[in-house]
Structure formats: C-alpha cells, structure tokens
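Here is the structure we will look at, set down as structure tokens.
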Number of protein chains: 2
Amino acid sequence: MPLRSGTSREERFEERRTQLAQAALATLSELGFARTSLREIAQHSDFTHGVLHYYFTDKVDLISECVRVYHQLVLARFDEGLETYQDLDTMVAGVAETLQRTITEETAQHRLWYDLRSHSMFNEEIREDVREIERTLEGFAWRVVLRYAELTGTEPVLDSLSNYRMFDGIFYAALLDHMAGDPEATDRLVTQAGWLMDRICPQR
Amino acid sequence: MPLRSGTSREERFEERRTQLAQAALATLSELGFARTSLREIAQHSDFTHGVLHYYFTDKVDLISECVRVYHQLVLARFDEGLETYQDLDTMVAGVAETLQRTITEETAQHRLWYDLRSHSMFNEEIREDVREIERTLEGFAWRVVLRYAELTGTEPVLDSLSNYRMFDGIFYAALLDHMAGDPEATDRLVTQAGWLMDRICPQR
DNA sequence: GGGCATGCTTGTCATGCGTCAAGGGTAAGG
DNA sequence: CCTTACCCTTGACGCATGACAAGCATGCCC
C-alpha cells in the first residue's frame with residue numbers, strides 16, 4: 001500500500017504529484033511547451049501515460065503543478081548566500097560568475113521559464129502562478145541591489161519592480177543570444193548588469 | 001485567369017502568399033502560436049485549408065512568411081516621424097503617448113511578437129528571422145535615443161544593443177502587466193522609460 | 001489467508017492535426 | 001466554342017493527442 005510507511009494517503013499522493021511534475025519539468029525544458037505531450041512526459045519518467053490522469057485531473061492541472069514545483073526550485077536556488085559577500089570586489093566577481101554560470105549551465109531551465117511566461121499571455125489559468133514567481137524573482141533582484149547599496153554605501157534610486165524588469169530584460173536577452181550561439185552573450189550581460197547597477201546605486 | 005491584369009504569374013503568387021500570411025498573422029495574434037492550426041487560419045480567411053498547401057510547401061514555410069510580413073509591418077509602423085519632434089517637451093510627450101497607445105491598442109501584435117521570439121528558442125528555423133526583426137527594433141530604439149540626445153545636447157553613454165535590450169525589457173514587462181489587467185502598467189512604463197533615458201543620456 | 005482499497009498499466013476512443021491527391025470552376029487564348 | 005492553364009475546394013490519409021475505462025498487481029487489515 002504505502003510506498004513509505006508512516007505517511008498518510010494524502011501525503012503520498014502529493015509526493016507522487018510532485019515527482020511526476022518534476023519529470024514533466026525535465027521534458028518541458030528539453031522540448032518546450034508546444035511539443036510536450038503527456039505521453040512524452042511519461043516516457044521520460046518511470047511510469048506510463050495513464051498514471052498522469054490518476055494524479056492530475058487534466059493537462060492544465062499538471063502544468064499548474066509544474067509551475068508550482070518550478071517555483072520551489074527557484075526559491076531553493078536563490079537562497080544561497082548573498083550575505084557571504086563581505087566586500088564589493090567579492091560581490092561583483094561573485095555575481096558576475098553566477099550570471100555566467102547560470103546562463104551557460106542552466107540554459108534549459110531559464111528557457112523553460114520564459115517559455116512558460118509567454119504561454120501565460122494566452123493561457124489565463126497559469127497567469128497567477130507566473131506572477132507569483134515573478135514576485136519571487138523581483139524580491140531576489142531587490143535583495144541583490146540592497147546588498148550592493150550596502151557595500152557601496154549608497155541608496156537605490158529605482159523602485160523594486162522597475163529594477164527587476166530591467167535586469168530581467170538584459171538577462172532574457174543574454175539567454176537568447178547565448179542560445180543563438182553568441183559567445184559574447186554572457187560577457188555582455190555582465191557589462192550591462194554593472195552599468196545598470198551603477199545607475200541604480202549611484203555614487204554621490 | 002489573373003486576379004488583376006498587368007501582373008505576372010509570379011507577382012500574383014507572391015501577392016496571395018502575402019495575403020494568406022496576413023490572415024495567418026491575425027489568427028496567430030488572437031490564439032497564440034500553440035493553438036493555431038492551418039484549418040484555423042483558413043477559417044479566419046476567405047479560403048479553405050487546402051489552399052495553404054498550394055502557396056506554402058509546409059507549415060514552417062507559412063510561419064516564416066508570416067514573420068517576414070510581420071517584419072514589414074514593424075518597419076512601416078516605426079517609419080513615422082521622429083524628426084517631427086522639434087523640442088524636448090514635444091518629444092517626451094509624444095513618445096509617452098505612443099508607448100501608452102501601442103500597449104493598449106496594439107496589444108495582440110506585441111503579444112504575437114514575444115510569442116514568436118519565445119518559439120525561436122525551440123524552433124531553429126525561425127531564429128534568424130527573429131534576429132533580423134530584433135536588429136530592426138534595435139535600430140529604431142537607437143534612433144529614438146539619438147534624437148533625445150540631440151534635443152538635450154548630450155551623448156548616449158550606452159551602446160545600441162544594450163540600449164535596446166533594456167527598453168525591450170521594460171516594454172515586455174509592461175505588456176504582460178497590461179494584459180494581466182494592471183491599469184498602471186503603461187504609466188509605469190513611461191516612468192521607467194524616462195528614468196532609463198536620463199541615465200543613457202546624462203546631463204553634464 | 002481472503003477481502004479490499006490503492007496504485008499503476010493497458011488498450012481504446014474521439015478529435016484534430018499536417019499533408020496530399022483528385023477534381024471542379026473559371027477565364028484567357030486559339 | 002473548345003481547349004488549356006490556373007486557382008481553389010473537397011475529401012481522405014495516417015498519425016498523435018488528451019481523455020478515460022477496465023483490469024491487474026500489490027500489500028495491508030481483519
């Protein structure tokens with residue numbers, strides 16, 4: 001009966017849902033939204049396509065769960081220490097390295113996110129989930145800026161939302177360039193981010 | 001035989017292709033990429049689905065033509081006079097008004113563009129077409145900045161590509177917000193654009 | 001150890017897709 | 001007036017999809 005004793009039925013149910021959503025995420029990030037079918041998802045997991053209908057009422061339900069699981073991943077990834085940066089040089093180098101690495105190594109995940117956000121333009125059912133993730137990203141971007149301001153002894157002259165939007169703009173662009181094979185994409189991103197940061201936290 | 005006498009076979013062929021691509025664009029901007037089928041496109045035109053295969057070898061051929069037609073539309077729209085702005089106040093007001101209007105009135109077309117760009121992440125065949133359009137947009141954004149610099153007697157301190165990417169970032173964000181029902185989306189865009197512009201063309 | 005709920009598989013259904021072939025209507029040219 | 005070339009419609013195909021129902025296996029409980 002239970003896969004793991006000591007857990008209730010509901011817990012096990014939720015656990016499986018999460019597992020399946022994770023498998024679905026892997027497929028989505030490879031093939032993109034448009035090409036991903038339920039059978040394709042099942043094939044990339046240890047199950048068959050029928051099980052998806054046991055755990056999800058329909059495809060939209062699955063996708064929504066995927067978005068929520070993705071959100072958790074985003075949260076987990078960005079938890080890592082901003083406070084470890086004790087001086088400006090370390091932070092600048094660290095952020096630059098992180099940007100470069102995440103663009104080149106986590107390309108598929110970022111691509112999935114932007115694909116998802118695009119689909120929220122046409123699919124109202126996932127729109128709220130997407131905005132929730134955006135709020136998380138906005139919060140993260142803001143914490144970076146605040147730390148930078150702290151280390152430079154300055155004050156941000158831009159609001160949190162605008163700040164996020166501008167950084168998101170250059171990040172998305174760098175991702176697109178990188179995927180198109182542009183070798184200078186990440187360097188350009190770092191330069192642009194530095195430029196922006198200095199304008200958001202101007203030295204007196 | 002000919003729809004219009006005085007035109008060659010090739011010309012008429014190209015003309016029909018363009019017409020059909022325009023009809024396809026209308027459908028795409030309404031339903032989005034994922035939901036648009038050839039039958040759906042035909043149903044929104046004066047023809048039946050079979051004709052699409054007479055004028056296009058396959059679906060990718062159609063989409064490519066759509067992107068090219070869209071590009072022409074973009075070019076046409078942005079041709080309107082930047083040089084009519086004779087002083088700074090007129091320009092600021094004019095650009096602000098244009099931004100507000102295009103977001104609220106041409107929502108579907110912008111949405112289509114970002115949908116298209118997203119799909120270029122997974123569909124390599126349209127990637128080059130998309131980049132071509134981006135170059136056009138970049139050029140337009142740069143001309144706006146140059147005109148602004150001229151009227152303020154300043155010099156841009158950012159390169160053309162970075163400039164485009166940042167403006168595109170806030171524009172895309174405003175579009176998403178507007179579609180999500182946020183009534184302040186366009187006002188925020190104008191504010192952000194002003195902030196950015198002043199940093200790109202700083203007063204000495 | 002028989003009964004039974006749970007978890008997963010298998011097979012099937014209708015639908016809609018891209019593609020294509022065959023054919024009809026129409027107007028120009030002999 | 002008849003032929004011919006062109007443009008478009010119709011209908012059909014093979015296939016993939018989301019959804020679902022029936023059934024099988026597993027392991028707990030009485």
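Keep in mind that what you see is a predicted model, and the values were worked out from it rather than measured.
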| Polar side-chain contact His49(A)-dG11(C) base: donor and acceptor under 3.5 Å | yes

Please enumerate all residues that pass side-chain contact (heavy atoms from CB on, under 4.5 Å) together with [X], with sequence neighbours excluded.
X: Thr154(A); result: Ala149(A), Thr152(A), Cys201(A), Gln203(A)
X: Asp177(B); result: Arg131(A), Arg165(A), Asp182(B), Ala185(B), Arg188(B)
X: Val144(A); result: Leu82(A), Met91(A), Phe140(A), Met197(A)
X: Val190(A); result: Ala96(A), Gln100(A)

Length of the line joining [X]:[atom1] and [N]:[atom2], which is rounded to integer Å:
X: Glu15(B); N: dC6(D); atom1: CD; atom2: P; value: 17 Å
X: Leu20(B); N: dC7(D); atom1: CG; atom2: P; value: 12 Å
X: Arg17(B); N: dC7(D); atom1: CZ; atom2: C1'; value: 16 Å

| task | Return each pair, listed once, that meets side chain to side chain donor-acceptor pair (under 3.5 Å) where at least one residue sits in residues 48-68 of chain B; pairs must be two or more places apart or across chains. | result | Arg17(B)-Asp61(B), Arg17(B)-Glu65(B), Glu65(B)-Arg68(B)

| task | Sorted by first residue and then second, give each side chain to side chain donor-acceptor pair (under 3.5 Å) pair with at least one member in residues 23-37 of chain A; sequence neighbours left out. | result |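 Residue pairs passing side chain to side chain donor-acceptor pair (under 3.5 Å), neighbours aside: none found.
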
| query | Do any pairs count as a ring-ring contact (aromatic ring centres under 6.0 Å, His included) and have a residue in residues 155-192 of chain B, sequence neighbours left out, and if so which ones? | reply |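 ring-ring contact (aromatic ring centres under 6.0 Å, His included) check on residues 155-192 of chain B returns His110(B)-Phe171(B), Tyr114(B)-Tyr172(B).
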
| ring-ring contact (aromatic ring centres under 6.0 Å, His included): pairs with one or both residues in residues 24-44 of chain B, sequence neighbours excluded |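 Residue pairs passing ring-ring contact (aromatic ring centres under 6.0 Å, His included), neighbours aside: Phe33(B)-His119(B).
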
| query | dC7(D) phosphate, OP1 or OP2: any side-chain N/O from Arg16(B) under 4.0 angstrom? | reply |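 Arg16(B) to dC7(D) OP1/OP2: no side-chain N or O under 4.0 Å.
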
| Phosphate oxygens OP1/OP2 of dT6(C): is one of them under 4.0 Å from a side-chain N or O of Arg12(A)? | no

| task | Check side chain to side chain donor-acceptor pair (under 3.5 Å) between Arg117(B) and all other residues, then give those that pass, not counting sequence neighbours. | result |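 Side chain to side chain donor-acceptor pair (under 3.5 Å) check on Arg117(B) returns Glu134(B), Asp168(B).
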
| Which ones in residues 35-48 of chain A lie close to DNA chain C, meaning a heavy atom under 4.0 Å from one of its atoms? | Arg39(A), Asp46(A), Phe47(A), Thr48(A)

| task | Compute the angle between the rotation axes at the two ends of the helix from dG1(C)-dC30(D) to dG30(C)-dC1(D), each taken over five pairs, rounded to 10 degrees. | result |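 Answer for the end axes of this duplex: 20°.
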
| So with a 6.0 Å cut-off around CD of Glu14(B), is the heavy-atom count from everything else above 12? | yes

| task | Examine the side chains of Ser160(A) and Asn163(A) and answer whether a donor and an acceptor come within less than 3.5 Å of each other. | result | no

| said: Counting only heavy atoms and a strict 4.0 angstrom limit, can you tell me which residues of residues 51-65 of chain A come near DNA chain D? | reply: His53(A), Asp58(A), Lys59(A)

